[in-house]
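Note sheet for the following structure.
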Amino acid sequence: MSHEPDSLPVRLARLPREIPPERDLWSGIDARLAGRRPAWHFGLGIAAGLAIIALSLLVSVEPRRPGGTELAGARSAAPGAPPVARESGGRDANYEHTQETLERAFRSELRQLPKATQARLIQDLDVIHKARSDIRAALAANPDSPLLQALLADTWQQEMEFYANVSSTPDAAGMRWPM
Amino acid sequence: MNANLSAVAQPVSRPEPVAVVLKGPWQALGTLQEAMRGNRRAFEQLYREHVAGVYGLCLRLTGQREAAEDCTQETFVAAWKSLREFEARSSFATWLHRIAVNKVLTRQSGLAARLERLAGDLPQDGPTDAVVADATPALDLERAIEGLPDGARHVLVLVGIYGHSHDEAAELLGLAAGTCRAHLHRARRLLGERMGLEEQTR
């Protein structure tokens with residue numbers, strides 16, 4: 001005679017997998033979520049940001065006026081972002097000091113984050129550096145291109161905003177790239 | 001009246017926008033995407049859909065209602081924080097379960113769990129009077145599972161109730177596959193003894 005229908009594995013498999021909690025747990029969760037947002041994938045954000053900048057330049061760029069006024073200098077930076085000196089005009093001491101300060105703060109914040117988040121942020125920073133490197137290579141072949149000069153300067157802006165975001169956000173998991 | 005002329009005379013109007021109502025898995029996908037964009041209402045909906053599964057798992061893994069509630073809350077908070085890391089290689093429920101198992105293990109390895117043990121509110125080896133006296137077989141089984149040692153209970157719950165393979169359970173629990181099998185064998189033997197069944201292995 002077989003006991004298979006009442007065997008322990010069968011009885012275990014029959015137990016319900018879902019058990020509703022006796023009290024609503026959402027209010028406690030919701031209170032802890034306040035002020036946090038899901039972690040944003042910075043690589044995508046930065047890539048998208050660069051693409052939008054490139055696109056906006058292509059759409060709005062005007063031919064250089066006689067006298068050689070700087071092309072992208074008149075465009076306003078993101079609110080709260082540090083001032084950016086254009087690479088073509090040289091990065092002045094103030095700018096470099098600001099960048100160094102932000103970078104130091106970023107490195108310090110980075111050490112306190114989980115390893116996975118650290119890796120992701122470094123990866124995202126690499127995206128900016130890679131973009132800058134590519135643009136520099138293109139500029140070497142075409143040094144007078146105002147578009148490439150503006151794009152190069154924008155990578156500095158992106159990097160500064162990146163540092164500023166990480167350093168000023170209490171919980172890096174809550175950061176979003178400004179789009 | 002010329003029908004064609006009548007049609008031409010009608011003012012051209014834009015078609016009314018059609019509301020697309022997503023259902024089933026597509027609706028769930030939409031909710032998930034909304035939550036990933038930071039919509040807490042959407043995340044609350046995901047919570048409502050999955051809380052019974054997560055709580056059930058936590059309750060069976062911990063054997064304690066309060067610990068299960070804490071672990072469930074920790075699971076959803078952690079899920080919210082890393083929601084964008086969910087890549088749909090597994091189902092959302094499976095992803096939540098993975099987080100829940102981690103939360104339970106973290107909690108049980110901590111000081112709080114040790115103190116709770118010292119307080120003696122979790123039976124370990126040996127059925128309680130309530131288990132022996134209870135006449136409902138399903139409840140008997142639930143209580144007998146609660147009384148299992150942690151390692152044996154974890155493997156039994158994941159493999160026996162939630163249907164994970166030995167390898168999956170071993171990975172979730174951070175154990176070697178052999179250790180996982182040994183725990184399961186022990187769990188079934190203890191349960192069999194306590195439930196008055198012959199040892200059942202598969």
Side-chain angles (χ1 to χ4, degrees), chain A residues 1-48 113-121 123-124 169-179, chain B residues 35-41 43-44 47-48 50-60 65 68-70 72-86 93 97 137-138 140-142 144-145 156-157 159-163 184 187-189 191-192 195 197-202:
Chain A
M1 186 175 141
S2 170
H3 292 280
E4 187 58 28
D6 295 317
S7 69
L8 187 55
V10 171
R11 292 178 66 179
L12 286 170
R14 273 199 216 122
L15 291 174
R17 294 181 180 188
E18 297 195 345
I19 303 171
E22 290 174 20
R23 65 185 181 91
D24 188 10
L25 305 176
W26 175 251
S27 55
I29 295 168
D30 195 35
R32 291 175 60 185
L33 299 188
R36 293 175 185 269
R37 299 181 75 87
W40 179 254
H41 194 297
F42 279 81
L44 288 175
I46 290 165
L113 297 172
K115 292 283 179 202
T117 312
Q118 285 187 28
R120 176 161 290 184
L121 290 172
Q123 212 174 29
D124 292 334
T169 309
D171 177 5
M175 289 186 301
R176 279 179 85 97
W177 187 255
M179 295 287 291
Chain B
M36 289 169 96
R37 290 191 191 107
N39 183 335
R40 283 231 299 275
R41 289 273 176 217
F43 188 67
E44 182 181 357
Y47 161 83
R48 304 268 170 224
H50 294 278
V51 65
V54 171
Y55 179 76
L57 178 62
C58 291
L59 184 62
R60 290 212 164 92
R65 187 176 61 85
E69 287 179 354
D70 285 350
T72 301
Q73 289 185 320
E74 292 287 340
T75 297
F76 280 97
V77 170
W80 171 257
K81 285 163 70 177
S82 53
L83 200 53
R84 291 187 184 280
E85 291 168 18
F86 174 66
H97 282 199
D140 263 356
L141 184 54
E142 294 276 17
I145 293 168
L156 184 90
V157 165
V159 175
I161 303 176
Y162 287 87
L184 186 62
R188 284 176 173 165
R189 181 175 56 75
L191 274 188
M195 302 291 299
L197 299 168
E198 290 179 13
E199 184 184 340
Q200 308 275 351
T201 55
R202 186 168 58 181

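Just the heavy atoms: all of them, side chains too, but no hydrogens, waters or symmetry mates, feed the values below. Everything numeric here is computed off the predicted structure, so don't read it as measured data. Labels below follow one simple rule: chain letters A, B, ... track the order of the sequence lines, proteins then strands, and each chain is numbered from 1.
- With a threshold of 4.5 angstrom between heavy atoms, Y162(B) approaches chain A through its backbone and through its side chain.
- When atom types are taken as modelled, the side chain of E69(B) and the backbone of P21(A) share no donor-acceptor pair closer than 3.5 angstrom.
- Inter-residue side-chain proximity for D24(A) and V51(B) is flagged as unmet; no heavy-atom pair is nearer than 4.5 Å.
- Here the closest heavy-atom approach between residue L33(A) and residue R40(B) is recorded as CB-CD, 3.7 Å.
- Atom CZ of R60(B) sits about 10.0 Å away from atom CZ of R17(A), to the nearest 0.5 Å.
- The structure places CZ of F76(B) at 13.0 Å from CG of D30(A), a figure rounded to the nearest 0.5 Å.
- With a 4.5 angstrom heavy-atom cutoff, L59(B) touches chain A only via side-chain atoms.
- Here the closest heavy-atom approach between residue W26(A) and residue Y47(B) is recorded as N-OH, 3.3 Å.
- Pairing each heavy atom of Q73(B) with each of G28(A), the nearest pair is NE2-CA, 3.7 Å.
- Shortest non-hydrogen contact noted between Y55(B) and I19(A) is CD2-O, 3.0 Å.
- Side-chain contact between L15(A) and E142(B) is present, with heavy atoms from C-beta onward closer than 4.5 Å.
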